[in-house]
Structure formats: structure tokens, C-alpha cells
Amino acid sequence: MGFPKEMVVRSIKEIGHSDAEALLELLLTYKALGDDDDAVGNHSTSGCNPPIVEGNDDLDFENWNDDDDTGGRVSSSDDSGYEEFLREMSDKDEKINSLRDMGFSEDEANMAITICGVDADLSVLVDSISASQVTEVCHSRNLSDHQVTARCFDSFGGRKRARLIEESKKKRKRYGGGAQGKRPSSDGSDEESMPLPKPMVGFNLPAARKRGYIHNLPTENRSPLLPLPPKTIFEAFPHYKKWWPSWDQRTHLNCLQTCMAPATVTERIQQKLSSSGNPPPQSVQKYVRHECSKWNLVWVGKDKAAPLEPHEMEYLLGFPKDHTRGVGKTQRYKSLGNSFQVDTVAYHLSVLRGMFPNGVRVLSLFTGIGGGEVALHKLGIHMRVVVSVEIGEANRQILRSWWDQTQTGTLIEIADVKSLKDDEIATYVRRFGGFDLVIGGSPCNNLAGSNRHHRDGLEGEHSSLFYDYFRILNSVKSAMANINYCVAGKRSNPWRKF
DNA sequence: AAGAGCATGAAATCGGTG
DNA sequence: CACCGATTTCATGCTCTT
């Protein structure tokens, strides 16, 4: 019996850790299960189900959707509005289909549209795909290494990809030793990697939030939350324009992290600038620009570059104002830095609105401050039940407080995923009749680039909780299989098709 | 009241990898 | 060059003792 996690892990190991990081950031699982026997136009038969793998019990990446998230790229267009957004989306789908008809992969089509824009002519897109297969193109663009890596992987199929993976393997030493040895890794015979996720390029939010979204949600008829989030720093914070020096040409922030710059950074910048002319010499500019990029500083006063305030991060991440207020400031930064971006997740989850008119039963792992829950709420999707697993006391408090203010459903809070075992899961499944959505993003701190102490990869103390996601997912599946046999008898069980 | 001892939280400081 | 961070140091506030 194949074990999904091994497949996933193997595939992740094949593609290298920086990609694995993106890949694991968010794992969304959803299941479509009819509403018992209330004949509410449900979709309990497989025909209406979203792409779910037939034939075996293993997860199959081929049939999982992998969406991007918010790249830090700039969209030069102005506020496009909802209709335009949707038009772009359907334009995009149409073009992807055309390109696929021409024999290109969806990855390639996606990437070409990303690069050339959704309005680009088909022939331009075709050219772009050809060009993208030349490595140089990656370097000629204004992309980070990380983006380059991801894009190259995504644009190369088959043998080229295999070769790239092979090359990257050789370079990988750090994670290849003891840590990897603990798991049954590839013995050389099954070198063929799993299909790689396709990228979906960003929401053009003002701050990069590079995460991969693995899910089996339908991808048709998704819709964004309104109002659309801001797309540039100035759209988000127009008042900072006043102090923004012309030689700082950032339009988007880097990744919102959990740690903020100390006051001394602001201080040093101020000193350097005040003691030099206007514009400051190149060397000073370079220093300041570097510090600003590194710490995501914004210009809040004359010569004064300061870190974002917690409420500004809440805004950028799509949370209601003061969502995290009431706990320490350091804690707020940490929780927000680890959180989902609500608009992005909501876009993916938006398809559930029509599928579960009576609301959803959610199993939420690594809930954090409740990005997934806030997204569902903003979508107007009622949460009948949320069983939330979150280890952080402060985070649980934040979620509970928000829940009490906004929700009428049942919230059950559990502290540790490791303690959530089969019997308890079965109890919840029996009690609530099952779950409609399993959602969660397991910890990445042992994979994260800025972790200089315990970057132990997927086997790290925290990141290995990824395995618990699959343990629990399997447990839910099997518990629901059981209950379905009891309750519904002969009805085919969608879970078995996962 | 003053101060040692402790607990807690915030600020400052720390580097490496793909 | 960007990164969903960890550890150490510092500051503050509390309790308990004298």
C-alpha cells in the first residue's frame, strides 16, 4: 500500500528544498461530500466532484492543483476593478487552453502569460515559451533567485527537468546526510520525480508572500474577495509617498517575516542620511537600499525608514484591523509573519461557496491566527464547525476572540497536532458527520532561508509536523469511510478516490 | 522601603544557502 | 540577493525577604 507522504516527500526531495519550502507552505485539502440525505441539490456523486484522483488511495500530484501566491512582481497597470479581473482570468484560461491545444503544457502556458501578460497575443506567448527554455532568460529578468529556480523548474518538462533535478541534487549536501537517511529515500531506482506543481502567478500584492498552494479544489469559477487588495506600496500606504526618496525605487515589499528591524537600524539610516547631502552619495544609497530591502522598511518621515506596524501587516495580509491586538507586539509580528494572506486563500476557497450552501465543517491544522477561517468568513461561507489545531497559546486566543465576535458555529480548539490521534478524530467525524475541508500550512521554519540555527529541512523538529498533516488526513479519510458505510451504505465514498 | 532573585517580554545581534 | 528565524542580551515588573 503506497503511502502518500512518502510520495510527497520523495517528490519534495527531488526538487530541492527551496522549492519544497514553497510547496509545503500551504496544504489545502478539501473533499466534496454530499449533505447526508437532505436533498439539497448536493453533489455526492463523483461526477460533480472536482478533480479527484481515481483508482487508488494515494495522493497524486498530477491531479492536485498547485497555485501560486503572491509574487512580488509589479503590475504596472492601475487598479483594474473586479470585472477586469474576471475578464483577465477568463482570458487567461482561454489562452491556456489554446496553448495546450498547440501541445504546450499548462505550466508553460502559465509561465508565458505571467511573463508577457494576459493581454499578449498568442504568437507572443508561443515565442516566450520557446525563449523560456533557454536558461539565460531566467537571468535576464528582474527576478530573485528563488523565483528563477521555481520558474525554471516549472517551465522545463520531462528530461530537462530530470536533468535539472539531477544537477541540483549534486549540489545538495546539507540535507542529504543524516536527516534524509532517516526516511526511506530514493535508492536510485525510482529517480523519476513526481510531477511538479504548476505555478500560478501572484496577486500582485504590495508585499511578496511566496507560498505554494497544494489543493484539490476546483479551479473553475473562482472569484476574488472585494474590494481587491492594494497592489503596490503606495496603493496600500499613500501617505508614505511624501517621504519616499526617489532613489528608493521599490514598489513592492519583500516577504513579510516574523522578525522586525531593531530601532538601531532606523537610527543608523537616519544618521547616515542626515550627515550627507541630497541626493546622498551612491555608497550611502546602496547601504540604505540594502537595509530597506532586508528589513522591509517604509519611509515614515524625513530620512526615517521604519519597519511596518503590526496593524499595517494585518492590512496587507487581509485581516480585520486589530485582529491580533491584545498580545505582545513581538508575538503579533511572529503570528502575522507566519500567517496566510487572506485574499489569496479566499480566492482558492471561493469555489466552496456554491458547493456548500449550508456551510462547511472544517478541520484546520496549524491554524495560527486563523487566515483560512477569516477567508471563509469574508467569502460569506458559514463555518458550521471548525476543529482547530494550534499550539500557540496567543494564536488560539486571537482565533477564539475573533470567533466569538463573528461566528455562530462550533469552535473546538486543540493544542498539538501530535496529540490528535485516530480515536479522537473518529469521535469528531462521528459527532459532526465528517469534514468538508481540511486546511493547514505546516511549519517551515526548519526550511526557511533566514533560519541560521536549525535549518534541518523537512526532518527538522517543527517542519516534520508536515508528516502529521498526512497522518491526520489519512485518519480522517478512513474515519469517514467507516461512517459512510454506516450511514449511507452503498453510496460511493468520494474520499476513497483521493 | 529597598533590593535581591526571578520571570517575562522586547530589543539587539547573529550567518548561510540556493 | 532574499529568506514564514533563533539565540543572546537587555529592560521591566513581580515576589519575597530583610
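Below, read A as the first sequence line, B as the second, and so on, with proteins coming before strands; counting in each chain starts at 1.
Figure legend: A:Lys272 and A:Tyr287 shown as a cation-pi pair, the cationic atom lying under 6.0 angstrom from the six-membered ring centre and within 45 degrees of its axis.
As a whole-Å value, the separation of A:Lys334 NZ from C:dA6 P is 6 Å. The interatomic distance linking A:Asn296 (CG) with C:dA2 (P) rounds to 10 Å, in whole Å. One can place CD of A:Glu309 at 13 Å from P of B:dA10, the figure rounded to the nearest angstrom. Per the geometry, CG belonging to A:Asn254 stands 14 Å off P belonging to C:dG5, to the nearest Å. Regarding A:Leu297, its CG atom lies at a distance of 13 Å from the P atom of C:dA2, rounded to whole Å. The nearest whole Å value for the distance from the CZ atom in A:Arg250 to the C1' atom in C:dA2 is 13 Å. The CG-P distance, from A:Asn446 to B:dG16, rounds to 18 Å in whole Å. The interatomic distance linking A:Lys294 (NZ) with C:dC1 (P) rounds to 12 Å, in whole Å.
Under 3.5 Å, the side chains of A:Ser223 and A:Arg353 contain a donor-acceptor pair of N or O atoms.
Nearest-nucleotide mapping onto DNA chain C: of A:Thr258 and A:His290, the residue sitting toward the 5' end is A:His290. Comparing A:Gln257 and A:His462 by the nucleotide of DNA chain C whose heavy atom lies nearest to each, the residue mapping closer to the 5' end is A:Gln257. Mapping A:Ser450 and A:Val327 onto DNA chain B by nearest heavy atom places A:Val327 at the nucleotide closer to the 5' end.
Aromatic ring centroids of A:Phe234 and A:Trp244 lie under 6.0 Å apart.
Salt-bridge annotation for A:Glu424 and A:Lys421: absent, with no side-chain N of the basic residue lying under 4.0 Å from a carboxylate O of the acidic one. At a threshold of 4.0 Å, the pair A:Arg268-A:Glu291 does not count as salt-bridged, since none of the basic side-chain nitrogens sits closer than that to a carboxylate oxygen. Using a 4.0 Å cut-off between a side-chain N of Lys or Arg and a carboxylate O of Asp or Glu, A:Glu413 and A:Arg400 qualify as a salt bridge.
One finds a side-chain N or O of A:Asn445 lying less than 4.0 angstrom from the OP1 or OP2 phosphate oxygen of C:dA6. OP1 or OP2 of C:dG5 has at least one side-chain nitrogen or oxygen of A:Asn338 nearer than 4.0 Å.
Here the side chain of A:Cys255 is nearest to one of B:dT17, C:dA6, C:dC3, namely C:dC3.
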query = Please walk me through it: do A:Asn395 and A:Glu390 pass side-chain hydrogen bond (donor to acceptor under 3.5 Å, both in side chains)?
reply = CA-CA 7 Å; A:Asn395 287 342; A:Glu390 167 56 44; 3.2 Å; yes
request  = Quick one: do A:Ile439 and A:Leu363 satisfy side-chain contact (heavy atoms from CB on, under 4.5 Å)? Show the steps, please.
outcome  = CA-CA 6 Å; A:Ile439 180 170; A:Leu363 176 57; over 6 Å; no
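Using a 30° and 60° split on the angle between ring planes, A:Phe340 and A:Tyr213 fall in the tilted class, from 30° to 60°. The aromatic rings of A:Phe466 and A:Phe470 lie perpendicular to each other, with more than 60° between the two planes, well past the 30° mark.
Across all their heavy atoms, A:Val300 and A:Ala306 have their closest contact at CG2-CB, 3.8 Å. Nearest heavy-atom pair across A:Glu314 and A:Arg325 is OE2-N, 3.9 Å.
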ask   = Reading DNA chain B 5' to 3', what string of ( ), [ ], | and . shows its pairs, if Watson-Crick and G-U wobble pairs count only when both distances fall under 3.5 Å?
value = ||||||||||||||.|||
I'd like a table of atom pairs between the protein and nucleotides 9-12 of chain C - only N or O on both sides, under 3.5 Å - with the distance next to each one.
none

What's touching nucleotides 11-14 of chain B from the protein side, N or O pairs under 3.5 Å?
unit_1: B:dA12; atom_1: OP2; unit_2: A:Ala263; atom_2: N; d: 2.6
unit_1: B:dC14; atom_1: N1; unit_2: A:Arg452; atom_2: NH1; d: 2.5
unit_1: B:dC14; atom_1: O2; unit_2: A:Arg452; atom_2: NE; d: 3.4
unit_1: B:dC14; atom_1: O2; unit_2: A:Arg452; atom_2: NH1; d: 2.5
unit_1: B:dC14; atom_1: N3; unit_2: A:Arg452; atom_2: NH1; d: 2.9
unit_1: B:dC14; atom_1: N3; unit_2: A:Arg452; atom_2: NH2; d: 3.3

